[in-house]
Amino acid sequence: MIVRRVLYAVCVLASALVLIALAAGVRVGMPIAPEDRLELPGSGFRVVRGAGAPDEDALQISGVGHDRSAVQAMSLLPVEAADYPILRYRFERFPDVLELSLLFRRADEPDEVHVITLPRPTGGEGSFTLSDLADWHGSIVEIGFAQFPTPQLVPASQRFEPFRLRGAQLWSPSVEGALSALRSDWFAQRPWGLFAVSSVDREAGPNAPRRPSLLLVVSATIVLSGLWGLIWFGRRWRRIGTLLAGATVVGWLVLDANWLWQLSGRLATTEAVYGGKGWPVRSRLVVDGNLLEASDRVKRALLPQDAATRVLVDAPSVYEALRLTYYLQPMNTALYGPIRAAGDRDFAAGAILVLYGRDDVNFHAPTRELFIGRLRFEARSLLDAGALQVFRVDGKGGR
């Protein structure tokens with residue numbers, strides 16, 4: 001029985017290792033270590049956007065551009081993409097509030113810049129499997145990195161923290177490189193996303209191909225542990241049930257530990273933005289501060305305001321319209337678009353129209369005629385502040 005238990009444990013462990021190797025893309029005959037490594041020292045990168053200077057063998061990034069992003073690039077002698085499927089990159093003091101992207105150009109499309117989101121350099125280092133990218137082929141003539149505030153999380157007022165680009169390497173195929181990239185894919189800390197906070201799996205980015213998830217590998221290992229139990233212990237259902245329960249507990253602990261690790265990174269981002277600030281300051285730290293300021297101007301222009309008066313909000317994007325509607329609370333707000341589409345010709349009679357960033361708005365003050373697209377209203381202008389326009393509709397709409 002002891003021999004069977006040992007063989008069972010060996011088979012389960014071997015199954016887990018095989019699944020990890022398959023998830024990493026390890027192939028039969030692949031060398032353990034890369035046979036070729038192309039060194040790209042940090043000091044060899046030039047600053048394309050932002051501010052920085054070489055510092056020994058690294059590049060010190062000391063500022064960002066007008067759009068709050070930084071870009072560094074290095075020209076290459078033509079490098080065959082197929083020879084280097086693994087990217088390794090190193091940073092020092094990489095801020096928790098920044099996202100990281102890879103940029104590269106190919107010789108056949110020198111004017112086209114290909115961009116892909118990279119895992120954050122956990123512990124200063126990260127790896128990525130470039131061969132997963134459809135655009136990583138042919139001859140590569142330039143490579144670079146871009147950093148920018150995490151979208152929808154970091155406000156424009158967030159202070160920039162300098163960091164260092166130590167360098168990067170392009171590796172030839174190897175088991176070490178494949179496993180390193182899988183480790184970054186599974187365990188690199190990622191920012192908050194639009195998914196359940198209790199999720200044990202990681203969400204896929206919009207433009208980032210991902211390896212099979214840790215959840216899938218753990219689940220497959222649990223299933224195989226049950227099959228190995230049938231092989232080595234026969235139909236001893238009680239024992240097999242115990243083995244499956246134990247494997248499930250261990251697998252869940254692995255997933256939960258990874259979830260807690262991811263949560264710690266997300267909380268670090270939150271702490272970097274809001275830590276040490278009182279509520280009045282925190283409440284104003286929003287990504288779309290321009291919409292918050294627009295809502296403040298609308299509120300000042302409409303006070304005092306009857307709570308029953310409808311306030312119809314519109315903007316070029318649904319996101320902007322929804323956020324502006326939220327910031328205007330507790331007014332009696334609604335979206336202009338869906339109400340207009342309902343078919344009621346008098347939908348805006350007596351309402352306040354808050355229009356942000358629309359370029360098809362024309363108002364003739366002498367005749368008090370307001371044209372929005374093909375619709376005409378009798379209205380009065382309450383606020384005209386460039387992109388922000390507010391009107392009170394007095395008459396019925398028409399075409």
Side-chain angles (χ1 to χ4, degrees), residues 20-49 57-59 69-91 94 99-122 124-148 165-186 188 190 204-213:
I20 291 173
L22 291 174
V26 174
R27 301 188 304 272
V28 176
M30 182 178 285
I32 300 299
E35 297 176 348
D36 189 15
R37 307 185 191 207
L38 181 61
E39 291 284 348
L40 307 174
S43 57
F45 286 81
R46 69 183 185 278
V47 175
V48 177
R49 184 175 302 163
D57 61 343
L59 182 66
S69 65
V71 178
Q72 310 86 42
M74 176 188 290
S75 298
L76 304 174
L77 294 175
V79 172
E80 291 304 313
D83 295 338
Y84 297 98
I86 299 295
L87 170 71
R88 294 272 292 171
Y89 46 94
R90 294 182 299 142
F91 288 84
F94 192 81
E99 286 282 281
L100 178 65
S101 291
L102 170 71
L103 317 174
F104 63 90
R105 297 179 193 264
R106 298 200 311 260
D108 60 334
E109 295 179 334
D111 296 329
E112 182 73 19
V113 178
H114 301 276
V115 183
I116 188 72
T117 301
L118 292 176
R120 184 173 292 169
T122 304
E125 295 187 353
S127 297
F128 188 80
T129 305
L130 295 169
S131 56
D132 288 342
L133 304 178
D135 293 327
W136 186 259
H137 61 82
S139 298
I140 309 300
V141 295
E142 187 176 35
I143 195 168
F145 297 99
Q147 304 84 25
F148 51 91
L165 168 58
R166 293 302 306 264
Q169 294 178 332
L170 291 173
W171 284 8
S172 62
S174 68
V175 174
E176 181 185 357
L179 293 178
S180 175
L182 183 66
R183 183 174 63 251
S184 290
D185 185 78
W186 280 359
R190 291 181 169 84
N207 64 339
R210 307 292 287 274
R211 285 290 174 176
S213 71

Exercise for review: Heavy atoms only: give me the nearest E176-P34 pair and the separation to one decimal.
Suggested key: OE1-CD, 3.5 Å

Practice item. Describe, in one word, how the ring planes of F91 and F145 are oriented to each other, choosing from parallel (under 30°), tilted (30 to 60°) and perpendicular (over 60°). Key: perpendicular

Revision key, fill the gap. The salt bridge (Lys or Arg N to Asp or Glu O under 4.0 Å) partners of E125 (sequence neighbours excluded) come to R88

Study note, to complete from the structure: Sorted by chain and number, sequence neighbours left out, salt bridge (Lys or Arg N to Asp or Glu O under 4.0 Å) with R27 holds for none

Check your understanding: What distance do M30 atom CE and E35 atom CD have between them, rounded to the nearest 0.5 Å?
Key -> 10.5 Å

Exercise for review: Any chance you could measure S127, atom OG, to L87, atom CG, to the nearest 0.5 Å?
Suggested key: 7.5 Å

Review point. Tell me, do L76 and L40 make a side-chain contact under 4.5 Å, heavy atoms counted?
Key: yes

**Study point:** Test item: I140 and Y84 side chains (from C-beta on) under 4.5 Å apart, heavy atoms
**Key:** no

Practice item. Would you check, one step at a time, whether the test side-chain contact (heavy atoms from CB on, under 4.5 Å) holds for E142 with V113? Key: CA-CA 9 Å; E142 187 176 35; V113 178; 5.9 Å; no

**Study point:** Test log, rule side-chain contact (heavy atoms from CB on, under 4.5 Å), inputs E80 and S139
**Key:** CA-CA 5 Å; E80 291 304 313; S139 298; 2.7 Å; yes

Exercise for review: Before accepting this row, confirm whether a basic side-chain N of the pair R120/E99 lies closer than 4.0 Å to the acidic partner's carboxylate O.
Suggested key: yes

**Study point:** Sole candidate of D83, I143, V79 that passes side-chain contact (heavy atoms from CB on, under 4.5 Å) when paired with L38
**Key:** V79

